[in-house]
Amino acid sequence: MNNQLHEKTDQMNMDTSIRVHVSLLNSLMTLAGELVLSRNQLLQTIASTDFHNVGVVGQRIDMITSELQEAIMLTRMQPIGNVFSKFPRVVRDLAKMLEKTVDLEIIGQDVELDKTIIEAISDPLTHLIRNSVDHGVELPSERQKIGKPASGRVVLRAFHEAGQVVIEISDDGKGLDGEALATSAVSKGLITAEHAQAMSEKEKINLIFLPGFSTAEKVTDVSGRGVGMDVVKTNLDKLGGHIDIISELNCGTTVSVKLPLTLAIIPCQIIMTGDERYAIPQVNLEELLRIPAHQIKERIERVGDAEVVRLRGNLLPLIRLADVIGIERTYFDPADNKAKADRRERISDRRGRVSPAFGSESQSIQTENVQGSGKSRSRSIADRRHSPMSALNIVVVSTGTMRYGLIVDQLLDSEEIVIKPLGIHLQGCKGYAGATIMGDGRIALILDVSNLARMAGLVALDGTDRASEVAMSAAETQRMSNERQSLLLFRSSEQEQFAVNLGLVDRIEKINRSKIEDLGGKRVMQYRGGSLPLICIHDAAMVQALADREDLLVIVFNYGSKAVGLLAVGPIDALELNVAIDNVTLKQTGIQGSAIINGHTTMLVDVPELIGSIFSEWIDDSQEFLLDGQETSFASSPEAR
Amino acid sequence: MDTTKKQVEKNIVELATFYVGDALCGMDILQIQEINKLMMMTKVPQAPEYVLGILNLRGQIVTVIDLGKKLGMGETEASPDARNVIVNSTGSSVGLLVKKIGDVVAVDMVNKEHSPANMSGIQGKYFTGVYKRDNSLIGILDIDKVLGIDE
């Protein structure tokens, strides 16, 4: 009780007064003096109508204001040690009560944070520290059993990283058991068993943030009352912070909390949609993506009715800002610098000139074209599609677990903005985190990207971690099952790419078409003093005919005691790789299957079958050849067939 | 005698009056921060229907409400007579768009009557009462109710 009272008065003191270094106060005074001088100067300049000087004075005032802003911000900065200083006692008391021995190490007490943040993180940090001592560190006897020193260690560390402050609480305790967390969550009915199965280890650990979740098997009076981590997370979210847990079973847990330096001013990317400007906090911003107009058709794909873009091999869901906040879709027309209504169903659709709204315009353009070039439907050079301004602008944002692309009309500057809260009437608008006043006095709304995602119904993203894990392990098993294969790539017609096992190839000869002789219904050529029978893939398989070229290649195979030449054209390439062979799609006589090699679908030639089907009279000899070829045959074929 | 006089004086309230639709409404002038002409507003998509937008009033963000819509008396036109009545309530400033500004009248609250029983529905709950003048009636707005979020 006494303690509580003490804490309360402490809190009140914190709220009402602040300690500021005298030197800072002095610099503030100097700046204020300068500001007054500049104001006088400005008034004088205006009075004397000497407009040349206005710019100079404006610049001066600009400089002083930003310096003043910085200095005032500094007065709000407080060392984090103010909060940290109470933790040794918290840990000591708690350890004593739980009969554990715990050493607390504090690093980085001098790191400074905004006053409001310092005040707000006190409770969440206390909770995290208590968690570490209560759930993390084991009893001394248990620790000794598994060969750890009897006394546990909790490290509290604060440091700067990428413009943010990171606070880490790490212990060397028992760590979090993802499986146990998942089972517990399922038994509490928070998630379904199927859901749990599809979760990655990290997602399982993150279950601890679900409301109503408590992992402690027995409830102590310290923690484990079912409220906890979710409250910690909500509180930190409110501050614009991120919380992350890294845990290894029996080795310890590290909780890292990332916080912005200050809440008052945040850097934002300004975007424009539907003639209004919006700000996206830079913390949420991953990258800006601009798809040139002529690539939109190829790069924007549709899965069901969801639009996605392929970004470095990953699918990124796209949502249109205009749709989410329910305003008319617009696009930016570079011709007259105005936003115009966008009537396209899909992004990849063309913006047709022929439409009721533009009826007269399209007419005139058509007639112009008829008179001009004679090609009535050709699009003029001034077409929007060719203008760099008509590219699709995507802001890739992330909200910790989710990542998506927000389609906007225009990307503007990145600015430092001051957050102002919205009135109570707009509290129901979940898509905004607040508003800000821009340089021209107008207001821009600040977007809350996680709520936007929720509004757009973007939920299926939680599984992406798991999906990549599965993909990785699948790729791994594939790699194990596929031996490395040496393949010779070549073409028969210009379009189709083929491959044969390099082990079967005896020689490759470059010949001229004229060297081919047609004798007795068979193609032969002179080769090492004898006649080499020549075959083409299209003799047996339903593929395109050999290219009509003068320079040909002959791939010589040894078929038992005989040699056979396969006519082909370049380019040829030999490479060693692991490929997954599709034995179904393109399977036919002489073609064993297909695989994707270097971005081309490549047909794998089954040489014995090909030769056998053309020279059926050789079938006796083929036995020998097969035995020969078996060792080097495509690895996956025996089981797969 | 003295005390009764004080009582009477206490009940004198200055009402700022304005027109919402065709109805004359009034509110305690002390609740009003200022009255402005229409300024450039930023629309807020997804806001409730009666919210016209937000505007920048000397560095403060003010939500502008169409009082006509809020009271269910139809949309207020953006005419030259229209005014923004800025009121301060529950910590934030709110602008009420009205059709026209009327006089400031000093009224004795003793003459205030309850809202007529037939003035029910959406309008009724926003009025604390009606003041009778010789030639007109002034509906006295309950500003906290008007600015509260309901529905």
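Worth knowing before you read on, the calculation uses all heavy atoms, side chains too, and leaves out hydrogens, waters and symmetry mates. Quick caveat, the model's predicted, so the values are computed rather than measured. Labels below follow one simple rule: chain letters A, B, ... track the order of the sequence lines, proteins then strands, and each chain is numbered from 1.
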Item to check | Exam field: side chain B:Tyr131 to backbone B:Gly26, donor-acceptor pair closer than 3.5 Å | outcome: no

Checklist entry - To the nearest 0.5 Å, what is the distance between CD1 (A:Ile394) and CZ (A:Arg320)? => result 10.5 Å

Checklist outcome for this item: Note: vs chain A, highest number of non-hydrogen pairs under 4.5 angstrom among B:Val94, B:Leu55, B:Val44, B:Val62 is B:Val44

Next on the checklist: Between B:Asn36 and B:Leu57, is the side chain to side chain contact (heavy atoms under 4.5 Å, CB included) condition met? List the steps.
Outcome noted: CA-CA 10 Å; B:Asn36 286 65; B:Leu57 187 74; 3.8 Å; yes

Checklist entry - What residues, two or more places apart in sequence or in another chain, satisfy side-chain hydrogen bond (donor to acceptor under 3.5 Å, both in side chains) together with A:Asp440? => result A:Arg277

Next on the checklist: Shorter than 4.5 Å, heavy atoms on both sides: which option in B:Ile61, B:Thr63, B:Ile65 has the most such pairs with chain A?
Outcome noted: B:Ile61

Checklist outcome for this item: Honestly, the part of A:Ile443 sitting under 4.5 Å from a heavy atom of chain B is both

